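None of the values given here were measured: they were computed from a predicted structure.
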Amino acid sequence: MKLLNIYKVIFIFIAITANFIGAQQDVLQLEKGWKFVQGDNPQYSLPSYDDSKWKNILVDREWEVQGYQDYDGYAWYRIKIIIPSSLKNNTFLKDSLEIFLGKIDDCDQSFINGKILGINGKNAAIDKQADDSFKTARYYYNRNRRYTLSVNDPRILWDKENLIAVRVYDQGGKGGIYSGDLTIGMVKLVEYISSNHDHCVFNFDKGNASKTFSLKNNSNSLTLKGKLLIQVQNKLTKKIYFEEKKDANLAPLSSQMFSYSFKNRNEPVYVNYILEFDNTKERAIIVDEVPYVLTPVPSLKPKINGAKVYGQRPGKPFLYSIAATGEDPMIFEAANLPDGLKIDRKTGIISGSVLNKGEYSIKLEAKNKYGAAKSDFKIVIGEMLALTPPMGWNSWNCWGLSVDQEKVIASAKVFKQKGLMKHGWTSINIDDGWEITGRSQDPKRDADGKILCNSKFPNMKTLGDSIHALGLKFGIYSSPGELTCGGYTASYQHELQDAQSYASWGVDYLKYDWCSYETHAKDRSIPELQKPYIVMNEALHKIDRDIVYSLCQYGNGNVWEWGASVGGNLWRTTGDITDTWSSLSTIGFNQTVNAKYAKPGNWNDPDMLVVGWVGWGPSLHPSRLTPDEQYTHISLWSLLSAPLLIGCDLTRLDDFTLNLLTNDEVLALDQDPLGKQAVQKIVKDNIQVWVKELQDGNKAIGIFNLDKEPQKYTLNFSDIDINAKIKIRDLWRQKDIGTFSGKYETTVPSHGVILLKVFTK
Ligand code: GAL
């Protein structure tokens with residue numbers, strides 16, 4: 001097995017507190033009994049207010065799926081509950097009460113008995129007055145609201161009815177209290193423990209995997225003593241093959257370091273950290289997962305990867321880099337190039353411009369000292385761009401608004417140095433944060449109205465040139481209102497000028513958001529939703545450059561039904577993704593109704609990838625997705641023909657993430673020239689089977705396990721319209737599995753996938 005040095009940790013953090021003393025009676029469920037109303041009124045926080053006419057609502061799903069489709073703005077939730085003082089009796093710590101309201105999309109101000117309890121996940125002081133500042137916070141929709149109150153806090157009415165009221169403000173996408181499992185209970189010992197295992201990397205050396213991490217005691221008065229059991233467990237068989245027990249002794253506010261090492265088997269394994277406190281026998285359980293690599297190392301011999309078809313408009317600047325694995329140096333050839341194009345034989349960059357419309361069949365060749373590879377390639381000079389889904393990097397999921405020119409250049413260099421370009425990764429896109437912020441006193445545009453860049457981007461043209469010189473494409477971001485979602489200057493009433501600026505900087509890709517256009521749209525009708533995109537599309541057609549047009553309005557008005565008609569090459573189908581299983585699975589497994597609208601030139605965009613070090617800037621963390629969840633992410637997005645935009649800090653790209661992003665057989669599904677999005681064929685308990693038709697007449701199949709436990713599954717071929725004997729290939733391992741008739745049996749890891757290609761032709 002290859003030795004790995006993986007500078008990252010993949011983990012799931014489940015702090016399960018199993019209180020052995022009176023396990024259930026010490027927690028009140030807040031799951032049922034909530035009342036709901038749209039709108040806003042300070043009276044709603046008061047216990048005396050009569051909410052008997054309000055509707056019932058569930059708190060484990062957003063209000064959109066409960067009859068309030070597309071509702072943005074204020075809404076209130078209320079629940080009445082008796083808090084018995086007996087709650088205190090069965091717990092070791094008797095000092096604080098915890099009110100857990102789960103996750104709220106986007107912002108909240110929560111009240112108990114008319115007084116503010118917390119704001120956007122942070123406790124509020126007793127004298128805090130309600131105001132509107134809470135609603136300016138963005139990206140808090142995925143944060144747990146865990147509010148604590150001292151047991152003596154006069155806001156709590158012990159043994160009496162308490163009113164909990166939540167004032168929610170949603171500013172786009174889905175809204176409301178949505179993650180479920182809401183509770184009231186006493187704060188427990190385990191809540192004082194935090195771990196940094198999720199920021200500590202596994203090291204792989206001499207066949208062993210090892211890790212050093214620390215636990216911290218966040219209490220300033222309690223000493224926490226106990227035993228830490230470290231257990232390595234196969235995810236599929238549940239067999240434990242390594243165990244080590246260590247003493248934990250944590251003085252107030254201190255940390256303790258723990259190290260362990262075990263024989264690595266490169267298979268899905270959990271590492272369970274079980275901390276049992278001496279005095280209460282309470283347990284904190286944290287589950288970590290060890291990255292495992294599936295993609296085989298590419299051969300030294302040349303192999304041509306990447307898009308097999310490429311579109312450009314007549315007379316517009318043309319740029320295509322041949323993607324080929326194999327040892328460098330390589331020499332590239334492209335036979336039958338149309339007039340106007342030339343190839344740089346050393347880099348494989350094809351550039352120029354073609355005047356005549358038409359389809360040109362090219363033979364690409366890559367040679368090195370180990371041999372040569374040939375591949376057919378089609379250039380289509382016509383009206384269509386993005387004939388296969390765009391593949392690149394975008395700054396948002398890592399750097400957020402803290403992006404700067406150096407970070408962008410560094411990413412472009414990694415595309416080259418780490419060989420991502422050899423697998424077809426081609427675009428480097430700046431998201432929000434390059435313009436002048438709306439808050440600044442400085443001019444946002446020059447005297448002629450031309451947009452200005454902020455000091456982090458001193459020269460966009462030079463930046464564009466340096467990205468192109470590497471053979472890569474250059475992308476940028478804006479919004480149709482006055483301000484972008486991050487509060488920076490946007491394109492309202494300057495669309496043509498902005499498009500001209502982009503063209504002069506060499507921009508090849510525009511992500512165009514929706515933010516701050518709400519105030520201009522008369523209503524949410526389809527023509528109003530379309531209007532800003534039509535305006536920018538017309539501007540993009542007036543410039544002397546092709547710009548791939550990416551609409552980012554979160555799927556409003558079923559954008560997939562009309563995105564192509566307003567010139568979109570791709571359109572976001574959902575709100576923003578984040579690096580959790582709940583976000584990934586909710587988005588990924590709901591791409592069903594839009595499937596038939598995906599085709600060459602027009603793609604559904606379920607948002608950017610959340611693998612590697614992400615964080616929305618400036619501080620980053622390793623993706624909170626487990627290794628299996630990351631395999632699911634890349635497999636599902638490839639089956640869906642989704643645009644693939646890496647969202648991590650590429651300078652911290654570890655071997656696992658690199659391996660995940662460079663499996664040519666998996667990426668080939670995404671780039672398949674037929675451009676058919678996979679469809680959900682089977683949903684059985686927690687197994688889902690998605691099938692994608694491929695250009696060569698064969699099919700790709702993803703068998704996904706959404707369950708917390710591994711699942712045995714038998715795929716009956718008749719359920720996916722296959723009657724013949726078929727050859728099956730495992731795409732991640734790039735290995736033929738055998739020939740099967742009637743059915744195929746497998747075991748799928750929890751939150752994982754088996755990704756197959758079946759050869760029916
Ligand atoms: C959001 C968009 C994100 C990112 C952000 C920038 O609306 O969905 O992907 O572009 O705006 O502020």
Side-chain angles (χ1 to χ4, degrees), residues 24-68 71 73-88 96-124 126 128 130 134-135 140-151 153-170 174-187:
Q24 283 314 308
Q25 301 114 25
D26 58 358
V27 175
L28 300 177
Q29 300 300 327
L30 268 190
E31 200 64 5
K32 301 237 162 71
W34 287 89
K35 299 278 204 169
F36 177 77
V37 78
Q38 290 164 289
D40 190 35
N41 178 345
Q43 301 276 316
Y44 297 165
S45 72
L46 303 177
S48 55
Y49 183 83
D50 177 12
D51 61 17
S52 55
K53 300 248 162 55
W54 288 19
K55 296 268 168 42
N56 294 329
I57 193 147
L58 300 173
V59 287
D60 63 350
R61 62 204 74 176
E62 292 88 349
W63 62 52
E64 269 77 3
V65 291
Q66 302 185 66
Y68 305 94
Y71 180 65
Y74 283 104
W76 281 74
Y77 290 70
R78 281 168 54 108
I79 193 168
K80 291 178 187 144
I81 186 156
I82 294 175
I83 306 181
S85 46
S86 62
L87 266 190
K88 293 179 261 184
S96 310
L97 185 76
E98 176 184 282
I99 300 179
F100 179 66
L101 300 177
K103 294 176 180 171
I104 300 180
D105 192 347
D106 285 319
C107 314
D108 81 296
Q109 204 171 39
S110 293
F111 300 80
I112 180 163
N113 301 318
K115 294 269 184 310
I116 297 198
L117 165 68
I119 301 171
N120 295 327
K122 291 241 156 63
N123 289 339
I126 193 155
K128 173 85 192 155
F134 80 105
K135 70 173 203 188
Y140 285 171
Y141 65 91
N142 203 33
R143 179 190 272 191
N144 274 324
R145 274 48 171 191
R146 196 183 291 283
Y147 299 123
T148 52
L149 292 170
S150 150
V151 287
D153 194 303
R155 284 174 283 187
I156 312 170
L157 301 176
W158 290 103
D159 297 316
K160 293 198 183 117
E161 188 177 82
N162 288 260
L163 172 83
I164 296 174
V166 184
R167 181 184 185 208
V168 179
Y169 182 78
D170 181 43
K174 292 189 175 169
I177 308 180
Y178 70 93
S179 64
D181 291 332
L182 279 55
T183 52
I184 298 187
M186 298 298 290
V187 170

Hey, mind stepping through Y44 and W54 against ring-ring contact (aromatic ring centres under 6.0 Å, His included) and telling me if it holds? CA-CA 11 Å; Y44 297 165; W54 288 19; 4.9 Å; yes
Could you go step by step and tell me if K115 and D153 meet the side-chain contact (heavy atoms from CB on, under 4.5 Å) rule? CA-CA 11 Å; K115 294 269 184 310; D153 194 303; over 6 Å; no
TODO: Take E62 and D170 through the test side-chain contact (heavy atoms from CB on, under 4.5 Å) and record every step on the way to the result.
DONE: CA-CA 11 Å; E62 292 88 349; D170 181 43; over 6 Å; no
Kindly determine whether Q29 and T183 satisfy side-chain contact (heavy atoms from CB on, under 4.5 Å), including the steps that lead there. CA-CA 5 Å; Q29 300 300 327; T183 52; 3.8 Å; yes
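Ring pair W63/Y68: centre-to-centre distance not below 6.0 Å.
D51 and K35 are not joined by a salt bridge, as no carboxylate oxygen comes within less than 4.0 angstrom of a charged side-chain nitrogen.
Atom OH in Y77 sits 5.0 Å away from atom CZ in F36 (nearest 0.5 Å). Note that CG of L182 and CZ of R145 are 11.0 Å apart. Values are rounded to the nearest 0.5 Å. Residue I112 holds its CD1 atom at 4.5 Å from CG of N162, rounded to the nearest 0.5 Å. Note: N123 CG to I99 CD1 = 9.5 Å, rounded to the nearest 0.5 Å. To the nearest 0.5 Å, atoms CG (L87) and CE (M186) are separated by 7.0 Å. In this structure, CG in N142 is found 11.0 Å from CG in D106, a value given to the nearest 0.5 Å.
Heavy-atom contacts from other residues, nucleotides or ligands closer than 6.0 Å to NZ of K160 number 12 or fewer.
Using a distance-only test at 3.5 Å, with no hydrogens or angles considered, no donor-acceptor pair links the side chain of Y147 to the main chain of E98. D108 places a side-chain N or O within donor-acceptor distance of the main-chain N or O of N120, the cut-off being under 3.5 Å. Between the side chain of R78 and the backbone N or O of L46 there is at least one donor-acceptor pair closer than 3.5 Å. A donor-acceptor contact shorter than 3.5 Å is absent between the side chain of Y71 and the backbone of G175. Between the side chain of R155 and the backbone N or O of I116 there is at least one donor-acceptor pair closer than 3.5 Å.
Residues A165 and S45 share a closest heavy-atom pair of CB-CA, 4.0 Å. Y49 and Q43 make their closest contact through CB-O, 3.3 Å (heavy atoms, listed as atom of the first residue, atom of the second, distance). Contact between V59 and E31 at its shortest, heavy atoms only, is CG2-O, 3.5 Å. The two residues P47 and G114 make their nearest non-hydrogen contact at CD-N, 4.0 Å. V166 and S110 get closest at one heavy-atom pair: CG1-OG, 3.5 Å. The minimum heavy-atom distance between I83 and L28, with the atom names listed, is CA-CD1, 4.2 Å.
The aromatic rings of Y169 and F134 sit perpendicular, their planes meeting at an angle over 60°, well past the 30° parallel limit.
Contact of the K135 side chain with the D40 side chain is not registered, since no non-hydrogen atoms from C-beta on lie closer than 4.5 Å. Two residues are said to be in side-chain contact when any heavy atoms from C-beta on lie closer than 4.5 Å; K174 and Y141 fail this criterion. Within the 4.5 Å cutoff, the side chain of W34 has heavy atoms near those of the I164 side chain.
W158 carries K88 over the face of its six-membered ring, with the cationic atom under 6.0 Å from the centre and within 45° of the normal.
The side chain to side chain contact (heavy atoms under 4.5 Å, CB included) search around L58 returns D60, R61, Q66, not counting sequence neighbours. The side chain to side chain contact (heavy atoms under 4.5 Å, CB included) check on S150 picks up N152, with sequence neighbours excluded. Judged as a side chain to side chain donor-acceptor pair (under 3.5 Å), and not counting sequence neighbours, S48 has no contacts.
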